[in-house]
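What you are looking at is a predicted structure, and each value in this text was computed from that prediction instead of being measured.
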Amino acid sequence: MPILVKDYKWSETPTHIHIQVPLKGVKSSKADVFCGEELIKVHYPPYLFEVLLYKRVDDVKSSAVIRDNLVSLTLVKCEEETWGRLVSTRADDKKFVLAKKIEALEAAQKKKEEEVENRKVEKDRTKKYTVNEMLKLEQGARARIEDIKTEERTRTERELQEWKAKKKIEAEQQLLAEIDAIKTTKLQQTTARDEVIFKSADVIFKSADVIVEEDVDAEVKKESRKPDATVKEVTTKEATAKVRKSGGIRENSSIKVSFTPRVFPTPVRESKTLEENEWLEKQALARKTYVVDDPDLQQHEQDPDWLIDKANQLFGTGDIQGAVNAYTLAIRVRPHMPLLYTNRAACHLKLRNLYKSLDDSSKALELMKPEVDENAKLRLKSHMRRATAFCELELYVEALQDYEAALKIEPKNEALKEDAKKIRKVIQSNNDDDDET
């Protein structure tokens, strides 16, 4: 049985009730306080303080504080008045007190369940609010990302249009320049031809005048032989008119000469027709553009001319790896263009990817067969880049072979001769060292 506490103190005001219950040396952590509308209970084993109040209090606004070995209760009255007593007048009626206890406990349990439900509802509401806020943040982030993508897409399309316009202007300027050159050439040819025609006409007219004079003299002599009765004086002017009327002098004219157009600058007697035709067919294949099935690529990223310009720009700014990526994508679009492999070989040399540079140079040389004057300069570059890679790998014999091939293209290049001479010395030195060992 718990020990009932009787030595408590209480006081009141018209609005509040103040109760102080001693803990009697029990730790405050063991005290359990219950406050209902009509029942106050403080249990701290083995002690129990329990009071059935005279009137109702507001249990929500009431409070309890445990300190200094005391439990201080501050109860808020439901009605503003002075009670004059703390305990109910029916506190001695055990059945009434038991009913009030059960009623208070049920009310407390119901209130607790309501609080739990309210907390759950509040938690769900807070969770929904948090989810909605997160969705708003994600939507805002997505909107910002879409704005960035749209801005980047617009900027790229603008750059592509500017690049196309620039290329169009350059092509038009080149076409105009070619037209002006053709006009100038034709004008020069026409002027020269006219000079020749005029000179020929002068000679023809001089010869005609001589012929006319001879014909006139003959006509005069012929008329002079007639009998005197029928003799009619023939003047030189009349004789000249008679000769010219007979159509003896031909009109001047020009002869048009046309030549068969040729792609290569060499004349037919020095050209290799079969090899040149094969190279022209390969050039048509090299210009063929393939569509890359990659959804991540934009439209301008499948334009080989744009990719080449972009790669050259990246190479010029020092972004060698970016240039390699651009050339690689261009090779996917135009896999038979030797220029792309030659330029990517130069990038691999910069990055010290020597074996990749060898592969690209060899692929470029393979695509440039047959060997004609049209691809001589590009073959020279490919041989030099492969030779450089061989030298970096200390494969001097293979490098010398590429130098010799380059000298066949430009036999008067003194720099190539000097480099080939140095490589021969290195090879000779290595052979001498091998003989000594």
Steps toward side chain to side chain contact (heavy atoms under 4.5 Å, CB included) verdict (L23, I66)
CA-CA 9 Å; L23 289 178; I66 302 175; 3.9 Å; yes
So which atom in [X] and which in [Y] form the shortest heavy-atom distance, rounded to 0.1 Å?
{"X": "N375", "Y": "P370", "value": "ND2-O, 3.1 Å"}
{"X": "E50", "Y": "L39", "value": "CG-CD1, 3.9 Å"}
{"X": "L351", "Y": "Q321", "value": "CD1-OE1, 3.5 Å"}
{"X": "M337", "Y": "L367", "value": "C-CD1, 4.2 Å"}
{"X": "V57", "Y": "C78", "value": "C-SG, 3.4 Å"}
{"X": "L307", "Y": "A326", "value": "O-CB, 4.0 Å"}

Taking [X] first and then [Y], would you say they form a salt bridge - that is, a charged N and a carboxylate O separated by under 4.0 Å?
{"X": "R385", "Y": "D402", "result": "no"}
{"X": "E138", "Y": "R142", "result": "yes"}
{"X": "E392", "Y": "R352", "result": "yes"}
{"X": "E418", "Y": "K421", "result": "no"}
{"X": "R56", "Y": "E79", "result": "no"}
{"X": "R424", "Y": "E404", "result": "yes"}
{"X": "R155", "Y": "E152", "result": "yes"}
{"X": "D93", "Y": "R90", "result": "yes"}
{"X": "E38", "Y": "K55", "result": "no"}
{"X": "K167", "Y": "D309", "result": "yes"}

Decide yes or no for [X] and [Y]: does some side-chain heavy atom of the first lie under 4.5 Å from some side-chain heavy atom of the second?
{"X": "I427", "Y": "V397", "answer": "yes"}
{"X": "L380", "Y": "K377", "answer": "no"}
{"X": "S62", "Y": "C35", "answer": "yes"}
{"X": "I40", "Y": "L73", "answer": "yes"}
{"X": "L378", "Y": "P338", "answer": "yes"}
{"X": "S72", "Y": "I19", "answer": "no"}
{"X": "D305", "Y": "W163", "answer": "yes"}
{"X": "D32", "Y": "Y44", "answer": "no"}

Atom [atom1] of residue position [X] - does it have more than 12 heavy atoms of other residues, nucleotides or ligands inside 6.0 Å?
{"X": "D7", "atom1": "CG", "answer": "yes"}
{"X": "K288", "atom1": "NZ", "answer": "no"}
{"X": "E394", "atom1": "CD", "answer": "no"}
{"X": "E151", "atom1": "CD", "answer": "no"}
{"X": "K111", "atom1": "NZ", "answer": "yes"}
{"X": "K61", "atom1": "NZ", "answer": "no"}

For the [atom1] atom of [X] and the [atom2] atom of [Y], what is their distance to the nearest 0.5 Å?
{"X": "K164", "Y": "E159", "atom1": "NZ", "atom2": "CD", "answer": "13.5 Å"}
{"X": "L53", "Y": "L75", "atom1": "CG", "atom2": "CG", "answer": "6.5 Å"}
{"X": "L365", "Y": "Y341", "atom1": "CG", "atom2": "OH", "answer": "13.0 Å"}
{"X": "T388", "Y": "L354", "atom1": "OG1", "atom2": "CG", "answer": "10.0 Å"}
{"X": "H383", "Y": "T342", "atom1": "NE2", "atom2": "OG1", "answer": "10.5 Å"}
{"X": "M368", "Y": "K363", "atom1": "CE", "atom2": "NZ", "answer": "11.5 Å"}

Any donor-acceptor pair under 3.5 Å linking the side chain of [X] with the backbone of [Y]?
{"X": "S429", "Y": "K425", "value": "no"}
{"X": "K412", "Y": "L407", "value": "no"}
{"X": "S357", "Y": "A345", "value": "yes"}
{"X": "N353", "Y": "K356", "value": "no"}
{"X": "K381", "Y": "L339", "value": "no"}
{"X": "K77", "Y": "E81", "value": "yes"}
{"X": "E12", "Y": "G84", "value": "yes"}

List the steps, then state whether side chain to side chain contact (heavy atoms under 4.5 Å, CB included) holds for L4 with Y47.
CA-CA 6 Å; L4 297 177; Y47 300 101; over 6 Å; no
R344 charged N/C atom sitting above Y327 aromatic ring, 6.0 Å / 45°
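The answer is no; the distance or angle limit is not met.
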Can you confirm whether or not the ring centre of F390 sits under 6.0 Å from the ring centre of Y396?
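Between F390 and Y396, the centre distance exceeds or equals 6.0 Å.
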Let me see the working for V333 and D303 under side chain to side chain contact (heavy atoms under 4.5 Å, CB included), right down to the final yes or no.
CA-CA 8 Å; V333 179; D303 188 338; over 6 Å; no
Specify whether H18 and H16 have parallel, tilted or perpendicular ring planes, treating 30° as the upper limit for parallel and 60° as the lower limit for perpendicular.
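Parallel, since the angle between the ring planes stays under 30°.
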Decide yes or no on side chain to side chain contact (heavy atoms under 4.5 Å, CB included) for L86 and Y54, but give the supporting numbers first.
CA-CA 6 Å; L86 179 64; Y54 179 64; over 6 Å; no
Candidate pair R125 and E122, rule salt bridge (Lys or Arg N to Asp or Glu O under 4.0 Å), full reasoning
CA-CA 5 Å; R125 189 185 69 80; E122 182 66 20; 2.5 Å; yes
Distance alone, cut at 3.5 Å: any donor-acceptor contact between the side chains of S382 and S361?
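Absent: no donor and acceptor within the cut-off.
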